[in-house]
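Down below is the structure, laid out as structure tokens.
Please read these numbers as outputs of a predicted model, since none were measured by experiment.
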Amino acid sequence: MDEERLSAVRARVRSFPDFPVPGVLFRDISPLLKDPAAFRALIDLLEDHLRASLPPIDFIAGLDSRGFLIGPPLAQRLGVGFVPIRKKGKLPGPTESVSYTLEYGKAELEIQSDAVEPGQKVVIVDDLLATGGTMRAACELVKRLKAEILECLVIIELKFLKGVEKLESVPFFSLLQYD
């Protein structure tokens, strides 16, 4: 891993204590998105990882909403399509949906029923893995369409929340880890 590019990305992640609720240290990627050189370094690092670690990919699937910020440029670099996984009620046409539990309630994700074909190879991306509930729900949706999940990929992993355990046997990669 290129330490100079990784440092540029890490330097553009800022922390906000007690957001959105007291006791939470929020990791904000807004400065990373505002800095073209750091954002390019991020996409470079993710592209390098995927090209070096995985067989050819058919699609990048991004989680609503921050997965939409890194998924399309990464898919473009790899020469593959992008598939959105959205909050319930945001996609037209037939969809598959799954409900899941959040730290503070319930939510539901959807994917269009024809988003991927059986056997196609998919990488699911998001900005952050915390408790793992949203990523696990996304995996369930992609599996329902009988696609193969090559990896779940995030910028930031909050290791102390052990979200990766919810992903069970699905390969996982995080660029930055916080304890």
Side-chain angles (χ1 to χ4, degrees), residues 27 29 32-33 39 42-159 161-177:
R27 303 293 180 168
I29 63 165
L32 178 60
L33 300 171
F39 188 72
L42 168 68
I43 300 302
D44 289 347
L45 288 164
L46 297 177
E47 176 189 9
D48 291 351
H49 163 73
L50 291 175
R51 288 191 187 279
S53 305
L54 299 176
I57 297 163
D58 294 307
F59 289 100
I60 298 288
L63 295 181
D64 195 346
S65 69
R66 291 185 205 104
F68 295 0
L69 301 174
I70 58 173
L74 185 56
Q76 184 69 38
R77 289 272 193 93
L78 295 168
V80 302
F82 175 78
V83 173
I85 297 176
R86 304 239 23 213
K87 294 176 180 115
K88 183 160 180 66
K90 301 291 185 181
L91 291 171
T95 60
E96 292 288 327
S97 67
V98 65
S99 294
Y100 62 101
T101 304
L102 296 166
E103 309 80 67
Y104 47 84
K106 286 191 155 231
E108 201 164 345
L109 286 179
E110 292 183 324
I111 190 170
Q112 288 177 315
S113 299
D114 63 354
V116 296
E117 299 293 324
Q120 288 186 309
K121 294 172 178 21
V122 178
V123 171
I124 303 173
V125 301
D126 202 5
D127 67 323
L128 182 131
L129 183 77
T131 62
T134 305
M135 188 66 81
R136 181 179 179 162
C139 289
E140 186 176 327
L141 286 173
V142 172
K143 287 177 183 176
R144 280 190 194 172
L145 298 180
K146 298 183 175 38
E148 180 184 350
I149 302 168
L150 295 179
E151 186 172 79
C152 294
L153 172 70
V154 299
I155 302 169
I156 298 167
E157 176 186 5
L158 303 178
K159 291 185 77 72
L161 293 175
K162 300 180 181 175
V164 73
E165 292 175 5
K166 285 193 181 161
L167 303 181
E168 297 165 355
S169 62
V170 176
F172 174 76
F173 177 80
S174 58
L175 198 59
L176 304 173
Q177 301 82 33

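Counting all heavy atoms, side chain and backbone alike, L150 lies closest to P56 at CD1-O, 4.0 Å. The two residues G67 and D126 have their closest heavy-atom pair at N-OD1, 3.3 Å. Minimum heavy-atom separation, L167 to F172: CD1-CD1, 3.6 Å. Shown here for G133 and K166, the closest heavy-atom pair between the two residues is N-CD, 4.0 Å. Closest of all the heavy-atom pairs between Q112 and L91 is N-CD1, 3.8 Å. Here the closest heavy-atom approach between residue L145 and residue A115 is recorded as CD1-CB, 4.4 Å.
Residue R77 qualifies as enclosed at atom CZ: its count of foreign heavy atoms under 6.0 Å is above 12. Counted within 6.0 Å of CD on Q76, heavy atoms from surrounding residues, nucleotides or ligands total 12 or fewer; the atom is thus considered open.
Atom OG1 of T95 sits about 10.5 Å away from atom CG of D114, to the nearest 0.5 Å. Note: L158 CG to R27 CZ = 7.0 Å, rounded to the nearest 0.5 Å. Between E96 atom CD and L141 atom CG the span is 7.5 Å, to the nearest 0.5 Å. To the nearest 0.5 angstrom, L42 atom CG is 4.5 Å from I155 atom CD1. In this structure, CG on L50 lies 4.5 Å from CD1 on I57, to the nearest 0.5 angstrom. Here NZ of K162 is found 13.5 Å from OG1 of T131. Values are rounded to the nearest 0.5 Å.
A side chain to side chain contact (heavy atoms under 4.5 Å, CB included) with I60 is found for exactly one of L74, I124, L153, namely L74.
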### Task
Determine, step by step, whether L129 and V164 satisfy the side chain to side chain contact (heavy atoms under 4.5 Å, CB included) criterion, reporting the C-alpha distance in whole Å, the side-chain angles of both residues, the deciding distance to 0.1 Å, and the verdict.
CA-CA 8 Å; L129 183 77; V164 73; 4.2 Å; yes
#### Entry: Check against side chain to side chain contact (heavy atoms under 4.5 Å, CB included), T134 and L109
CA-CA 8 Å; T134 305; L109 286 179; 3.9 Å; yes
### Residues L78, R51; criterion side chain to side chain contact (heavy atoms under 4.5 Å, CB included); working and verdict
CA-CA 8 Å; L78 295 168; R51 288 191 187 279; 3.8 Å; yes
#### Entry: Worked check of side chain to side chain contact (heavy atoms under 4.5 Å, CB included) between K121 and L54
CA-CA 10 Å; K121 294 172 178 21; L54 299 176; over 6 Å; no
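With E110 contributing its side chain and G89 its backbone, the two residues share a donor-acceptor pair below 3.5 Å.
The ring pair (Phe, Tyr, Trp, His ring centres under 6.0 Å) search around Y100 returns none, not counting sequence neighbours.
For the pair R144 and E140, the salt-bridge criterion is met [side-chain N within less than 4.0 Å of a carboxylate O].
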Side-chain donor-acceptor contacts of residues 80-87 below 3.5 Å, not counting sequence neighbours, with atom names and distances?
from: R86; atom 1: NE; to: D64; atom 2: OD2; distance (Å): 3.1

